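The structure displayed is predicted, hence computed values, not measured ones. Indexing begins at 1, ligand by ligand and atom by atom, following the structure's order. Count residues from 1 along the sequence.
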Amino acid sequence: MSNKYYITTPIYYVNDKPHIGHAYTSVATDFIARFMSLRGYDVRFQTGTDEHGLKIQKAADVKKIEPIELCDQNSQIFRDLTVSLNLSNDDFIRTTEERHIDGASYLWKRLYERDQIYLGEYTGWYSINDETFYNEKDLVKQNDGSFKTITGGPVEWITEKSYFFKLSEWSDKLLNLYKNNPNFISPTSKRNEVIKFVESGLNDLSVSRTSFEWGIKTPTDNNHIMYVWLDALTCYANGINYLNDNDNELKEYWKNVVHIVGKDILRHHAVYWPAFLLAADLELPKKIFAHGWWTNEGKKISKSLGNVIDPIEIINNYGLDQFRYFLLREVPFGNDGDFSKNALVNRINSDLVNDLGNLCQRSLTMIDKKLNSIIPPVNNISKNGDKLVKMYYKTVEQSSTLVEEYKLHDYIKLVWLYINEVNKFFNDSKPWELSESNPKLFSDILGLTSDSIKKIAFLINPIMPETSLKIFNMLALNLDNISFEMEKSISISGNKLNQINHLFSRVQNDN
Ligand code: MSP
């Protein structure tokens, strides 16, 4: 079996600046990409920006600039965010790029040729915010008789000429897909919602617009532009040139692709996208995972409430790895979560400063002071020491299942059980009492502790890649592409420690 693994974030709308929601999707996806790479997979990770549609055109109108100008400016901000978040993405795709436009047009043509698209007129509700058509039954009636989406967004009534995709013909095929592949959509609660939605009956989907310009012209009719979701969803395939008839190696990644999305856009990914692909007789992704939403100190995040969280501000105030750790550890992946400064500060001080930072600081300083900075060899010094080594390999073994089930926070919990076992070994062995009285035992304890710290650096790499590299660096290891497999062959015994720096600083809650 090929060991190629392809994972994607949604592409982000460029009408506005990035916020914590974007950062969360990206960091979680990066975690999985890095973890799969640690397991030895040939990983490809794609992110990017979604640049067409009425929402973008309106945002550009407000600024009195051309849409492409707004896209260029804001897409760059999202690209910069990939660096600020230390993402390991291989590609950053923009829907205004030629390779994307070509792919989207290819899909349209295939659907058209297979008689999956017909001309009609759309009359109904539309949300510019979500770029989504709504049935009235899915909206919430307000006291004044108007309608809003369940998240409180406005909708407008539109009537315009439009091409329709025969979505209604695909209900049974979709339901079979969900039934035969129980893991196609996760978590289960979200899968059930999708199944209910499809079971309730699908209408044909309006897939073109005529009332504005900013989009990809449909290749079969110049007067229409593609519905932005049909355009955008093809980005996943376009990053690896899947939507054309040419041979190329990147296409291989399509055999094993996972889409990570927020729960608000699950329907587009788990219903529309597979229906387009089925109708075009193309291969489907392996999985769609929908994560939950963050609130801010218990309140829904919204521009109108003025409580949008800027990820860059958090990174500047608390540190990148601290932020990444918090996002991944605080909330089970798939659940909603609450962002609070208090919770962030507690996590940093207890898990990072106390558990991990102090362990490295105390033990490595001892090697520095008493052993001339030379890392001693690992000897089996006791049953406890043996237990520690076994626990690491057990952790690695269990981690695969946890991450395969997207239990990212359980993975981190497991890693911390190991970290705390190393702490316990170090504390119970009391090396500080032994440097004079029993130098052999002293050296053995520090040998095993530093080797365990090296192992910790492997385990935390997908969560906190920068901290992992800092640890490797202190241990005088120069590693780029790491895997669990190579850990066994990397010995640090005899290495001369580099300068030991604090990994994390204690923080105050300034609220
Ligand atoms: N452009 C579409 C996606 C097209 S994919 C072919 C889009 N973009 S978005 O910029 O609005 O949202 C991107 C991601 O941010 C989504 O996964 C969404 O769920 C996530 N979040 C937006 N606000 C969020 C929170 N408050 N909390 C967590 N994630 C949220 O949708």
Taking only Lys NZ, Arg NE, NH1 and NH2, and the carboxylate oxygens of Asp or Glu, determine whether [X] and [Y] approach each other closer than 4.0 Å.
{"X": "K470", "Y": "D321", "result": "no"}
{"X": "D130", "Y": "R267", "result": "no"}
{"X": "R94", "Y": "D72", "result": "yes"}

- Identify, with sequence neighbours excluded, every residue that meets side-chain contact (heavy atoms from CB on, under 4.5 Å) alongside A28. L328, F333, L408

- Message: Listing request: all salt bridge (charged side-chain N to carboxylate O under 4.0 Å, His left out) pairs with a residue in residues 103-128, at least two apart in sequence or in separate chains.
- Response: D115-K166

Put together the list of close N/O pairs, under 3.5 Å, between ligand 1 and the protein, could you?
{"from": "ligand 1", "atom 1": "1 (N)", "to": "I11", "atom 2": "O", "distance (Å)": "2.8"}
{"from": "ligand 1", "atom 1": "1 (N)", "to": "D50", "atom 2": "OD2", "distance (Å)": "2.7"}
{"from": "ligand 1", "atom 1": "10 (O)", "to": "Y13", "atom 2": "N", "distance (Å)": "3.2"}
{"from": "ligand 1", "atom 1": "10 (O)", "to": "H22", "atom 2": "NE2", "distance (Å)": "3.0"}
{"from": "ligand 1", "atom 1": "17 (O)", "to": "G262", "atom 2": "N", "distance (Å)": "2.9"}
{"from": "ligand 1", "atom 1": "19 (O)", "to": "D264", "atom 2": "OD1", "distance (Å)": "2.5"}
{"from": "ligand 1", "atom 1": "19 (O)", "to": "W293", "atom 2": "NE1", "distance (Å)": "3.2"}
{"from": "ligand 1", "atom 1": "26 (N)", "to": "W294", "atom 2": "O", "distance (Å)": "3.3"}
{"from": "ligand 1", "atom 1": "27 (N)", "to": "W294", "atom 2": "N", "distance (Å)": "2.9"}

- Message: Going by the rule ring-ring contact (aromatic ring centres under 6.0 Å, His included), which residues pair with H22 if we only count those two or more places apart in sequence or in a different chain?
- Response: Y12, H19, F78

